[in-house]
*Asks:* 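Next up is a structure, given as structure tokens.
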Number of protein chains: 2
Amino acid sequence: MTSDVGLRERKKRATRAALSQAAWSLMVERGIDAVTAETVAATVDVSPRTFRNYFSSREEAILDGIVQRASSLVEALRARPADEPVWDSLAHVLPEAITNVLGDRDDIAVLARVSAANPALLAQQLTVFAHVERLIAEVIAERTGADVERDLAPHLLAAVPGALMRAVVTFWADGDTDASLPDLVRASITQLRDGLPLGRAAPAT
Amino acid sequence: MTSDVGLRERKKRATRAALSQAAWSLMVERGIDAVTAETVAATVDVSPRTFRNYFSSREEAILDGIVQRASSLVEALRARPADEPVWDSLAHVLPEAITNVLGDRDDIAVLARVSAANPALLAQQLTVFAHVERLIAEVIAERTGADVERDLAPHLLAAVPGALMRAVVTFWADGDTDASLPDLVRASITQLRDGLPLGRAAPAT
DNA sequence: CGCGAAACTTGCTTTTCCGGCAAAGTTTCC
DNA sequence: GGAAACTTTGCCGGAAAAGCAAGTTTCGCG
């Protein structure tokens, strides 16, 4: 899997991973202002210029880990049996996958807190989620025989995981609920599948 | 409505509107690279520094018109009878309102084209949509008796208009479909209300 | 093996952007 | 009328973005 790529490619990936890892840690430990090309590069022992070759902003570096992990979510979705209804695939994959992508509760809490005070990070976060949503829409389109360039349906369906990711980052991090994240996601999917039968008081908690 | 605010406030709003209007026009006519603090300010006859007092980036200025118009969408939603089911309110308001917020087909096409080539504008666009989505979630929460800070449901519901806005900007602009935008939105809402009964081939077009 | 091509890293440099600060001009309010 | 509050503006410094070319590493092929 990894061995069929040459040394050059492996080094690149290692550097990229190390940089984004360092960026994340720096943010957690010293705040986002401490995340500069200089400090991150110093941590990984490359030049600041190299950091800029990999990432065009500190925000991109910080969230690159999520982007990488998200691709495994997409793979998991693609790996479901081709004849399984889309909702079932989502119900199977998302509860665990979302946790994997976003990290544990502490990570999500950090991300939520910092994003709330930092428009640039929030914007980058939304960009990342939109990117993931797009990938999911493509998978759904493949499976339903829709055309991802022309049909709305796969995108509407893909908006569900997207909304879940955003909601999770925004709310669940507060810790006001004691339900486990996978359970929360499962409950939401069920609700949505049944056409969001929400009357006057049917909160998702 | 507008007369109970003083001269100072009116001037501020006028300047803000003029700046964002100028920024949009400049983008349409000369491309996004022509939109700088200098050029926009010159068009409106204020100093570049003043431009920066109002907007922290050119992207913010360009999209400020959408933000302003979006608040009328939210008002329209809030104005629906309190006992009307949420889906019905959305079905009533969104088809026309989305068109109002985003502008005519040419505007949407421009936005789509430029955003596709410009990560910063795309990010700002997503930020704007997320903001609108949040407002919609608040209205829905009010009406369903949910707690916008703790319940997922209003946010999941609000994700529908959000996804529609994004999808519209992304696809409808291409002009590959000849359905009217309001009809398209109506059809999508109906589908979603009925629980997205999409089997293997039920594209939204 | 070993050599030339291609790719990556790095420092340097220029340009642009962002925002703090304080002086000058407006609006508000009493 | 005049002080207080707010907005506009120019100046400025620090940070970031990106082009360029020299030096180094990896790759592919004979």
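Quick note on labels: first sequence line is chain A, next is B, and so on, each numbered from 1. Just so it is clear, the model here is predicted, and its values are computed rather than measured.
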*Asks:* Report the distance from atom CG of B:L7 to atom C1' of D:dA5, rounded to the nearest whole Å.
*Replies:*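 Going from B:L7 (CG) to D:dA5 (C1'), I get 15 Å.
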
*Asks:* Assign B:T36 to base, sugar-phosphate, or nothing according to its heavy-atom contacts below 4.0 angstrom with the strands shown.
*Replies:*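 B:T36: no heavy atom of the nucleic acid under 4.0 Å.
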
*Asks:* Which pair of non-hydrogen atoms, one from B:S89 and one from B:R80, has the smallest distance, and what is that distance?
*Replies:*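 Here B:S89 and B:R80 meet closest at OG-CB, 3.8 Å.
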
*Asks:* To the nearest Å, give me how far apart CZ (B:F55) and P (C:dC17) are.
*Replies:*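 After rounding, the reported distance stands at 16 Å.
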
*Asks:* Where do B:T50 and B:V44 land on the side-chain contact (heavy atoms from CB on, under 4.5 Å) test, with the steps shown first?
*Replies:* CA-CA 11 Å; B:T50 296; B:V44 182; over 6 Å; no

*Asks:* Identify whether the distance between the nearest side-chain nitrogen and carboxylate oxygen of A:R78 and A:E84 falls below 4.0 Å.
*Replies:*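 No, no charged N to carboxylate O under 4.0 Å.
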
*Asks:* Can you check side-chain contact (heavy atoms from CB on, under 4.5 Å) on B:I32 and B:I62, steps first, answer last?
*Replies:* CA-CA 9 Å; B:I32 197 170; B:I62 290 171; 4.0 Å; yes

*Asks:* In terms of the nearest nucleotide of DNA chain C, which residue is placed more toward the 5' end: B:S57 or A:F51?
*Replies:*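 So the residue in question is A:F51.
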
*Asks:* Any chance you could measure B:S20, atom OG, to B:F55, atom CZ, to the nearest 0.5 Å?
*Replies:*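 One gets 5.5 Å once the value is rounded to the nearest 0.5 Å.
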
*Asks:* Show the nearest heavy-atom pair for residues A:L77 and A:R143, with the distance to one decimal.
*Replies:*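 Taking every non-hydrogen atom into account, O-NH2, 3.6 Å.
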
*Asks:* Please state how far atom CD1 in A:I32 lies from atom P in D:dA15, giving the value in whole angstrom units.
*Replies:*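 Rounded to the whole Å, the gap is 16 Å.
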
*Asks:* Please tabulate the protein-to-nucleotide N/O contacts below 3.5 Å involving nucleotides 6-10 of chain D, giving atom names and distances.
*Replies:*
residue : atom : partner : partner atom : Å
D:dC6   : O4'  : B:R8    : NH1          : 3.1
D:dT7   : OP1  : B:K12   : NZ           : 2.9
D:dT8   : OP1  : B:Y54   : OH           : 3.1
D:dT8   : OP2  : B:Y54   : OH           : 3.2
D:dT9   : OP2  : B:S47   : N            : 3.0
D:dT9   : OP2  : B:S47   : OG           : 3.4
D:dT9   : OP2  : B:T50   : OG1          : 2.4
D:dT9   : O5'  : B:S47   : OG           : 3.3
D:dG10  : O6   : B:R49   : NE           : 3.3

*Asks:* Is it the case that B:S71 and B:E75 place a side-chain donor and acceptor less than 3.5 Å from each other?
*Replies:*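 The answer is no; no qualifying pair exists.
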
*Asks:* What's the CZ-P distance between B:R52 and C:dT16, to the nearest Å?
*Replies:*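 For the pair B:R52 CZ and C:dT16 P, the rounded distance is 12 Å.
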
*Asks:* Between B:R52 and B:E38 (salt bridge meaning N to carboxylate O under 4.0 Å), is one present in this structure?
*Replies:*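 Salt bridge between B:R52 and B:E38, a charged N being under 4.0 Å from a carboxylate O: yes.
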
*Asks:* With a 4.0 Å limit, can you tell me whether A:R58 has a side-chain N or O closer than that to the phosphate oxygens OP1/OP2 of D:dA16?
*Replies:*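 Yes.
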
*Asks:* Please write out the pairs of protein N or O atoms and N or O atoms of nucleotides 28-30 of chain D separated by less than 3.5 Å, giving the distance to one decimal.
*Replies:*
none

